[in-house]
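Convention: sequence-line order gives letters A, B, ...; per-chain numbering from 1.
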Protein chains: 2
Amino acid sequence: MSEDQLDLVFGALADRTRRAILARLAQEDANVGDLTALFTMSQPAISKHLKVLEQAGLISRNRQGTMRLSHLEAEPLRDATGWLADYRTYWGESYDRLDRLFESLNDNKE
Amino acid sequence: MSEDQLDLVFGALADRTRRAILARLAQEDANVGDLTALFTMSQPAISKHLKVLEQAGLISRNRQGTMRLSHLEAEPLRDATGWLADYRTYWGESYDRLDRLFESLNDNKE
DNA sequence: CCTTTATGTAACTTGATGGTTATAGATAAC
DNA sequence: GTTATCTATAACCATCAAGTTACATAAAGG
């Protein structure tokens, strides 16, 4: 994954509205109106966020009638995870213990 | 991990200079002069980047004589990885296969 | 076609970001 | 205490980012 792409992906993830959009899209594809309803900002603002996410490769979009459905794309998330994982030796996590790390992180969240 | 903290961490990671600083610090602690020598920008610019990394919790700093050593802190990296890992089910990776995913990502990099 | 619905685009405001140069501050050495 | 070294801060500039409102565009349906 190129540095340019990492700039775009981490930059896209640096905004909480965009992270919330991704979380929503992880459940189901959604159109712009659906997403706008989730926040207290205007529709053009959401369209801008979607553009950022699309340029980062984090979502794809296709027309469905008059609507455009946004669809979460996993590849950049995987790549970003891979980049972070390069530091796993530094933080003392072995490969085969990452699974348990993730489980515990998940538990702490609820 | 709070949304505020995720803003700071992903925001810090969104800059390639800061990512390079982290990569350098993963090998060994370094002072401001060391880090400045790695790039084509001024020392104050590096100091600014270090401040951003520190506020994100990604590094800590302590004085050593007239120098200040920067030290990589793993926790936020771990947390960010955990956040991304919440999407692993979406991209179809089971917990116990993440280790192999990371290995393959690593192989592709070289 | 004309209208409605859904979305994109343009123009603008405001504040943050990333860099610069010049200068101030902290510590060690003499 | 003066000096040298290392780092931080201040002031400034240019650009980008995130939001707004107003308007343009695309597709579907009477």
When rounded to whole Å, the CG to C1' distance for the pair A/Asn62 and D/dA27 reads 15 Å

Tell me, do B/Tyr87 and A/Arg78 make a side-chain contact under 4.5 Å, heavy atoms counted? no

From CZ of B/Phe39 across to P of C/dT20 the rounded distance in Å is 12 Å

(message) Looking at D/dA26, I'd like to know if its phosphate oxygens (OP1 or OP2) sit under 4.0 Å from a side-chain N or O belonging to A/Thr66.
(response) no

Q. Looking only at N and O atoms, is any donor in the side chain of B/Gln43 or the base of D/dA8 less than 3.5 Å from an acceptor on the other one?
A. yes

Rounded to whole Å, CG of B/Asn31 lies from C1' of D/dT5 at a distance of 11 Å

Whole-Å distance, A/Leu69 CG to C/dT5 P, equals 19 Å

ask   = Looking only at side-chain N and O atoms, does A/Lys51 come under 4.0 Å of OP1 or OP2 in C/dT7?
value = no

From CD1 of A/Ile46 across to C1' of D/dA17 the rounded distance in Å is 15 Å

OP1, OP2 of C/dG8 versus side-chain N and O of A/Arg68: anything below 4.0 Å? yes

Rounded to whole Å, CG of B/Leu50 lies from P of D/dC6 at a distance of 16 Å

Please enumerate all protein N or O atoms sitting under 3.5 Å from an N or O of nucleotides 12-19 of chain C, with distances to 0.1 Å.
{"from": "C/dG18", "atom 1": "OP1", "to": "B/Arg18", "atom 2": "NH2", "distance (Å)": "3.3"}
{"from": "C/dG18", "atom 1": "OP2", "to": "B/Arg18", "atom 2": "NH1", "distance (Å)": "3.1"}
{"from": "C/dG19", "atom 1": "OP2", "to": "B/His49", "atom 2": "NE2", "distance (Å)": "2.3"}
{"from": "C/dG19", "atom 1": "N7", "to": "B/Lys48", "atom 2": "NZ", "distance (Å)": "3.0"}
{"from": "C/dG19", "atom 1": "O6", "to": "B/Lys48", "atom 2": "NZ", "distance (Å)": "2.4"}

Do you see a donor-acceptor pair shorter than 3.5 Å between the side chains of B/Gln43 and B/Thr36?
-> no

Q: Report yes or no: does A/Arg18 contribute a side-chain atom to a donor-acceptor pair with the main-chain N or O of A/Gly11 at less than 3.5 Å?
A: yes

B/Met67 atom CE is separated from C/dA29 atom C1', nearest whole Å, by 15 Å

Does B/Arg61 have a side-chain nitrogen or oxygen under 4.0 Å from the phosphate oxygens OP1 or OP2 of D/dA8? yes

Comparing A/Pro44 with A/Arg63, nearest DNA chain D nucleotide closer to 5' gives the residue A/Pro44

